[in-house]
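Every number for a ligand or one of its atoms is a count from 1 in the order of the listing. Numbers for residues simply follow the sequence, beginning at 1.
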Amino acid sequence: MIFLVGFMGSGKSTVAHQLSKDLGRPYIEMDECIENQEGLSIAEMFSQYGESYFREKETEFLKSIQEDSIVSTGGGVILSEENREILSKSTVVYLKASWHTIVKRLEEDTERPLWKGDVEEKKSRFKERLPIYEQTADHIIVVDEKTPKQIAQEIEVCLKD
Ligand SMILES: Nc1ncnc2c1ncn2[C@@H]1O[C@H](COP(=O)(O)OP(=O)(O)OP(=O)(O)O)[C@@H](O)[C@H]1O
Ligand SMILES: O=C(O)C1=C[C@@H](O)[C@@H](O)[C@H](O)C1
Ligand SMILES: [Mg+2]
């Protein structure tokens, strides 16, 4: 299993798709799978049942993955110790994007429940998570100013080591 982790907008979904094509391996979009299982969007889960409900579903989903695949995780997957424990049994790649890159990419976004409101709040969430992504990762790939193809190729090199 290869887990791609990183903040919202760091390119996990985009790069997972590219890697999957390059390596001929299946990929899983965690957020989407949970939404399908629950029959609700993430925004609806947050508003109807609260963030903790979504976090429980995230852990259940991680535990249930069987197929050896490339997993595009949710941005907050590294928050729980239990999740980090599960991730540590596989290869974890952190897509490290700068704050500037994230803001540029999510400028138009209205869907992500944790990308709303006060900019300082969002920035402090970003800063708080940085060290956790780094500690959880086996490989750190800086993604700023790179194409998805370049990023996938860098990952492929790391995976060979
Ligand atoms: N290397 C890149 N260069 C330019 N734009 C990119 C790159 N990677 C992703 N993007 C764009 O940035 C936005 C966010 O990318 P993506 O949805 O892949 O991020 P994510 O990490 O999966 O986010 P989330 O955690 O919210 O699911 C998309 O509009 C995507 O097209
Ligand atoms: O960063 C986060 O905490 C999140 C990121 C998204 O991928 C979703 O998993 C959800 O919106 C929460
Ligand atoms: Mg995504």
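- In this structure, I86 CD1 and E81 CD are separated by 11.0 Å, a value rounded to the nearest 0.5 Å.
- Of the possible donor and acceptor atoms, one in the side chain of T59 sits under 3.5 Å from a partner among the backbone N and O of R55.
- A salt bridge links K57 and E60; the closest N-O separation between the charged side-chain nitrogens and carboxylate oxygens is under 4.0 Å.
- Each protein N/O/S atom under 2.8 Å from the Mg ion (ligand 3) was counted, for a total of 1.
- Distance remark: protein heavy atom present below 4.0 angstrom from atom 17 (O) of ligand 1.
- Taking CG from L79 and CZ from R129, the interatomic distance works out to 4.5 Å, rounded to the nearest 0.5 Å.
- Across A43, G74, P113, G76, heavy-atom proximity to atom 2 (C) of ligand 2 is greatest for G76.
- With ligand atoms numbered from 1 in the order given, ligand 1 contributes 1 (N) to contacts under 4.0 Å with heavy atoms of I151.
- Counting heavy atoms of neighbouring residues, nucleotides and ligands inside a 6.0 Å radius, atom CD of E145 does not exceed 12 of them.
- Neither the backbone nor the side chain of F7 comes within contact range of ligand 2; no heavy atom lies under 4.0 Å.
- Residue K146 touches ligand 1 through its backbone alone, judged by heavy-atom distances below 4.0 Å.
- Scanning E29, M8, R112 for the heavy atom closest to atom 26 (O) of ligand 1 points to R112.
- Ligand 1 places these atoms under 4.0 Å from at least one heavy atom of K12: 18 (O), 19 (O), 20 (P), 21 (O), 22 (O), 23 (O), 24 (P), 25 (O).
- Listed by number with element, the atoms of ligand 1 under 4.0 angstrom from any heavy atom of P148 are 1 (N), 2 (C).
- Note: no N/O pair closer than 3.5 Å links S72 and ligand 1 by distance alone.
- Side chain of D138 to backbone of V92: a donor-acceptor contact under 3.5 angstrom is found.
- Note: no N/O pair closer than 3.5 Å links T73 and ligand 1 by distance alone.
- Note: an N/O pair closer than 3.5 Å links R129 and ligand 2 by distance alone.
- For R112, no heavy-atom contact with ligand 2 is shorter than 4.0 Å.
- Inclusion of F54 in the set of residues having an N or O under 3.5 Å from an N or O of ligand 2 is not warranted.
- When the heavy atoms of R55, M8, E51 are ranked by distance to atom 12 (C) of ligand 2, first place goes to R55.
- Here the protein heavy atom with the shortest distance to atom 15 (O) of ligand 1 is T14 OG1, 3.7 Å.
- Counting atoms of ligand 2 from 1 in the listed order, those under 4.0 Å from a heavy atom of D31 are 6 (C), 7 (O), 8 (C), 9 (O).
- For ligand 1, the atoms closer than 4.0 angstrom to any heavy atom of G11 are 8 (N), 9 (C), 15 (O), 16 (P), 18 (O), 19 (O), 20 (P), 21 (O).
- Using modelled atom types, no side-chain atom of R112 and backbone atom of L106 make a donor-acceptor pair closer than 3.5 Å.
- If you run side-chain contact (heavy atoms from CB on, under 4.5 Å) between I151 and each of V15, V93, V142, only V15 comes through.
- Each of the following atoms of ligand 2 lies closer than 4.0 Å to a heavy atom of I42: 8 (C), 10 (C), 11 (O).
- Shortest contact from atom 23 (O) of ligand 1 to any protein heavy atom: G9 N, 3.0 Å.
- Not a single heavy atom of V143 lies less than 4.0 angstrom from ligand 1.
- Contacts between L106 and ligand 1, counted as non-hydrogen atom pairs separated by less than 4.0 Å, are absent for every part of the residue.
- L130 and W99 fall within a single hydrophobic cluster, where Ile, Leu, Val, Met, Phe, Trp and Tyr are joined by side-chain heavy atoms under 4.5 Å apart, directly or via other members.
- Checked by distance only, ligand 1 and T147 stay at 3.5 Å or farther apart across all their nitrogen or oxygen atoms.
- Distances from atom 7 (C) of ligand 1 to the protein include at least one heavy-atom value under 4.0 Å.
- The backbone of F7, and not its side chain, has at least one atom closer than 4.0 Å to an atom of ligand 1 (non-hydrogen atoms only; backbone = N, CA, C, O).
- The environment of CD in E111 is sparse: at most 12 heavy-atom neighbours from other residues, nucleotides or ligands sit within 6.0 Å.
- Classification of the F7-F126 ring pair by plane angle, with boundaries at 30° and 60°, yields perpendicular.
- Near L114, meaning under 4.0 Å from any of its heavy atoms, are these atoms of ligand 2: 2 (C), 3 (O).
- Counting only distance, with no hydrogens or angles, the side chain of K12 and the backbone of G6 share a donor-acceptor pair below 3.5 Å.
- For the ligand labelled ligand 1, residue G6 lies outside the 4.0 Å heavy-atom shell.
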